A.B. asks: 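Pasting a structure below so you can have a look.
Because the structure is a prediction, the values reported are computed rather than measured. Start at 1 and go down the list; that is how both ligands and their atoms are numbered. Numbers for residues simply follow the sequence, beginning at 1.
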Amino acid sequence: MASAIFTDCSSATKAVAMTSARLPPLSKLKDQQGAVISPRSISFRPNSRSYSLLNTVLYTTRAMASSASLSPVVMAEDSSAKIIDGKLTAKQIRDEIAIEISRMKESIGVVPGLAVILVGDRKDSATYVRNKKKACETVGIKSFEVSLPEDCSEQEVLTYISKFNDDPSVNGILVQLPLPSHMNEQNILNAVCIEKDVDGFHPLNIGRLAMRGRDPLFVPCTPKGCIELLHRYGVEIRGKRAVVIGRSNIVGMPAAMLLQREDATVTIIHSRTKNAEEITRQADIVIAAVGQANMVKGSWLKPGAVVIDVGINPVEDSSSPRGYRLVGDVCYEEACRVASAITPVPGGVGPMTIAMLLSNTLDSAKRVHNFK
Ligand code: NAP
Ligand code: LUD
């Protein structure tokens, strides 16, 4: 019977039944190094079955100056994949941004402003917007929030966008997606002026991202966060084979473009792709942005691959106070045994999305005030 092979990497529904009983909790992850060495470079070991990392070269940038306060690298007890810690990295980035914003305030007397428009009452969207607002506060960005009811008109949203386009204290405008189905997403995204398009979703910004020799004013936050993690963890992209699973406008497609701009050889997998497993197994870098809990199994991965799991999927979990917990698109426990490094869910790409939004908003304010 199917239940005999249930693991936490079964489908979402199956995962529910077995989760708490079979999984070592994250609290059992053990610290293998005493010293702070994260982030460090991760090398690909395509033919190795002993998945430990090579080069533990320290990554020393100004960004890392604050790393003295980081906790040591943690590795899962029963595996050797390095955990790419998005929560920690996002905190470092927020600290860097806060310093820049203080410098800006002292020097020219202004702080960046971000306007967020939320339509409807989706719980997940409300959580993300609340977290974005909180993150703005921690770094010194002034936030403006508009919450509109589910049944408001497209025109009302457009009116707010126009008002924020004209407001010089607003440097970034974000319309939280998805929008209610009666609205035309394209009309709304097109209305944000490209100089304030901190989501990077305007077709002009996406077009520039796609073209060689052109640069967008802003890069979409989630894919930018994925690449930032690869950079900060010293993962080489140039010349590597990358597979992006998913081709959405907000994650998969721009992630593939970014990887290509970094000289990776990129394959995109989507719902009509045949042999997704086989194609994924050729990749040195896998970015999964599908929205299917635990779809990518350990057997889909080349030993030593670096895995960035964008997926955020709620699965029922009666042992959790919320009644559910979040899992990625990648079966984490299996992938940990094969990959050389992996992002967890939660605590991986999600916090980076918000950090990149702050970064884009700061860049926007710097650009308009010609502040270096
Ligand atoms: P989306 O718009 O639904 O796109 C999903 C993509 O996956 C589509 O391109 C779809 O193919 C493809 N796909 C679906 N089922 C597939 C299958 N069985 N095999 C191969 N490809 C398949 O989703 P999204 O907005 O990109 O989000 C994807 C996931 O990332 C979700 O879990 C979302 O919650 C999460 N997310 C996380 C963050 C973050 O900050 N961590 C940000 C955004 C999204 P087709 O194009 O052929 O339909
Ligand atoms: N729309 C986004 N819609 C949804 N997770 C996000 C997101 C933070 N216009 C616009 O912010 O960039 C956007 N622009 N998106 N998303 C998803 C997408 C949008 C998703 C997750 C998180 C932003 C996040 O912080 C936490 C984590 O992964 O650790 C978990 C949060 C929790 O619910 O516990």
Side-chain angles (χ1 to χ4, degrees), residues 11-12 26 84-91 94 114-120 122-135 157 161 172-179 185 188-189 192 197-202 218-226 228-229 243-256 267-277 279-280 286-297 300 308-315 320-322 324-330 343-358 360-361:
S11 69
L26 275 178
I84 299 179
D85 190 336
K87 195 172 169 193
L88 194 67
T89 309
K91 161 84 171 71
R94 285 198 303 275
L114 173 69
V116 179
I117 301 175
L118 173 65
V119 188
R122 278 181 67 118
K123 266 193 161 173
D124 56 350
S125 295
T127 305
Y128 302 148
V129 167
R130 196 170 51 246
N131 291 345
K132 287 173 185 182
K133 208 173 152 194
K134 261 195 239 158
V157 180
I161 293 176
I173 303 171
L174 178 150
V175 184
Q176 189 68 21
L177 300 177
L179 286 163
E185 185 183 289
I188 288 174
L189 297 182
V192 174
D197 176 36
V198 286
D199 250 335
F201 294 164
H202 192 287
F218 302 99
V219 170
C221 301
T222 302
K224 187 177 177 183
C226 297
E228 188 68 25
L229 282 174
V243 161
V244 178
I245 316 180
R247 57 175 167 182
S248 70
N249 289 338
I250 78 167
V251 193
M253 178 269 288
T267 305
I268 299 174
I269 287 174
H270 49 76
S271 66
R272 310 285 175 202
T273 301
K274 295 192 171 75
N275 305 330
E277 175 173 351
I279 296 166
T280 307
V286 176
I287 296 186
V290 192
Q292 303 278 336
N294 298 318
M295 185 182 94
V296 178
K297 312 289 178 201
W300 288 43
I308 305 291
D309 190 353
V310 179
I312 298 203
N313 309 292
V315 298
S320 155
R322 300 194 278 193
Y324 70 92
R325 66 195 168 85
L326 300 176
V327 302
D329 291 337
V330 178
T343 57
V345 177
V349 176
M352 290 297 288
T353 295
I354 298 181
M356 294 301 103
L357 174 67
L358 305 177
N360 282 351
T361 306

A.B. asks: Nearest heavy-atom pair of P254 and P220: which atoms, and what distance?
C.D. replies: CB-CG, 3.9 Å
A.B. asks: Can you name the atoms of ligand 2, numbered from 1 with element, that are less than 4.0 Å from a heavy atom of P346?
C.D. replies: 27 (C), 28 (O), 29 (O)
A.B. asks: Checking contacts here: is it the side chain or the backbone of T353 that comes within 4.0 Å of ligand 2, counting heavy atoms only? Could be both or neither.
C.D. replies: side chain
A.B. asks: Is the shortest heavy-atom distance from the side chain of P351 to the side chain of P346 under 4.5 Å?
C.D. replies: no
A.B. asks: When you measure from the side chain of D197 to the backbone of F201, do you find a donor-acceptor pair of N or O atoms at a distance under 3.5 Å?
C.D. replies: yes
A.B. asks: With a cut-off of 4.0 Å, which atoms of ligand 2 are near a heavy atom of F201?
C.D. replies: 9 (N), 10 (C), 14 (N)
A.B. asks: Are any of the heavy atoms in M352 under 4.0 Å away from ligand 2?
C.D. replies: no
A.B. asks: Please name the pair of heavy atoms, one in L189 and one in H202, separated by the smallest distance, quoted to 0.1 Å.
C.D. replies: O-CD2, 3.6 Å
A.B. asks: Quick one: which ligand 2 atoms are inside 4.0 Å of a heavy atom on V175?
C.D. replies: 9 (N), 10 (C)
A.B. asks: Without swapping roles, check the side chain of D329 against the backbone of V296 for a donor-acceptor pair under 3.5 Å.
C.D. replies: no
A.B. asks: Please write down residue, atom name and distance for the protein heavy atom closest to atom 1 (N) of ligand 2.
C.D. replies: L177 N, 3.0 Å
A.B. asks: Test E185 against I188 for side chain to side chain contact (heavy atoms under 4.5 Å, CB included), laying out the working first.
C.D. replies: CA-CA 5 Å; E185 185 183 289; I188 288 174; 5.9 Å; no
A.B. asks: Heavy-atom contacts with I312 under 4.0 Å: which atoms of ligand 2 show up? List them by number with element.
C.D. replies: 5 (N), 20 (C), 21 (C), 28 (O)
A.B. asks: Ignoring angles and geometry beyond distance, decide whether L326 reaches within less than 3.5 Å of ligand 2 through its nitrogen or oxygen atoms.
C.D. replies: no
A.B. asks: Work out whether the distance between some heavy atom of V345 and some atom of ligand 2 is less than 4.0 Å.
C.D. replies: no
A.B. asks: If only atom types and distance count, is the side chain of D309 paired as donor or acceptor with the main-chain N or O of V330 below 3.5 Å?
C.D. replies: yes
A.B. asks: Are Q176 and K132 close enough, and set up right, to give a side chain to side chain contact (heavy atoms under 4.5 Å, CB included), and what steps lead you there?
C.D. replies: CA-CA 11 Å; Q176 189 68 21; K132 287 173 185 182; 2.9 Å; yes
A.B. asks: Of all the non-hydrogen atoms in the protein, which one sits nearest to atom 17 (C) of ligand 2, and at what distance?
C.D. replies: Y128 CE1, 3.9 Å
A.B. asks: Give the atom numbers and elements of ligand 2 that come within less than 4.0 Å of a heavy atom of P351.
C.D. replies: 25 (O), 27 (C), 28 (O), 29 (O)
A.B. asks: Looking only at heavy atoms, which two atoms of A135 and R94 are closest? And how far apart?
C.D. replies: CB-CD, 4.4 Å
A.B. asks: Which pair of heavy atoms, one from P223 and one from V251, lies closest together, and at what distance?
C.D. replies: CG-O, 3.7 Å
A.B. asks: Any donor and acceptor pair, going by atom type alone, linking the side chain of N313 with main-chain N or O of G328 inside 3.5 Å?
C.D. replies: yes
A.B. asks: How close do V327 and A293 get, heavy atom to heavy atom, and via which atoms?
C.D. replies: CG2-CB, 3.6 Å
A.B. asks: Considering the heavy atoms of G347, write down every atom of ligand 2 situated less than 4.0 Å from one of them.
C.D. replies: 27 (C), 28 (O), 29 (O)
A.B. asks: What residue and atom, counting heavy atoms only, is the protein's closest point to atom 19 (C) of ligand 2, and at what distance?
C.D. replies: Q176 NE2, 3.2 Å
A.B. asks: Please report the shortest heavy-atom distance between V243 and I279, naming the atom on each side.
C.D. replies: CG2-O, 3.7 Å
A.B. asks: If hydrogens are left out, which of K132, R130, R122 has an atom nearest to atom 11 (O) of ligand 2, that is, the closest non-hydrogen atom?
C.D. replies: K132
A.B. asks: Kindly tell me which protein residues have any non-hydrogen atom under 4.0 angstrom away from an atom of ligand 1, grouped by chain and ordered by number?
C.D. replies: T222, G246, R247, S248, I250, V251, H270, S271, A289, V290, G291, Q292, M295, V310, G311, I312, N313, V349, G350, T353
A.B. asks: Pick whichever of D199, N131, D124 has a heavy atom sitting closest to atom 9 (N) of ligand 2.
C.D. replies: D199
A.B. asks: Could you check atom 18 (C) of ligand 2 against the protein and tell me its nearest heavy-atom contact, residue, atom and distance included?
C.D. replies: I250 CD1, 4.3 Å
A.B. asks: Are C226 and V349 packed together at the side-chain level, in the sense that at least one heavy-atom pair is separated by less than 4.5 angstrom?
C.D. replies: yes
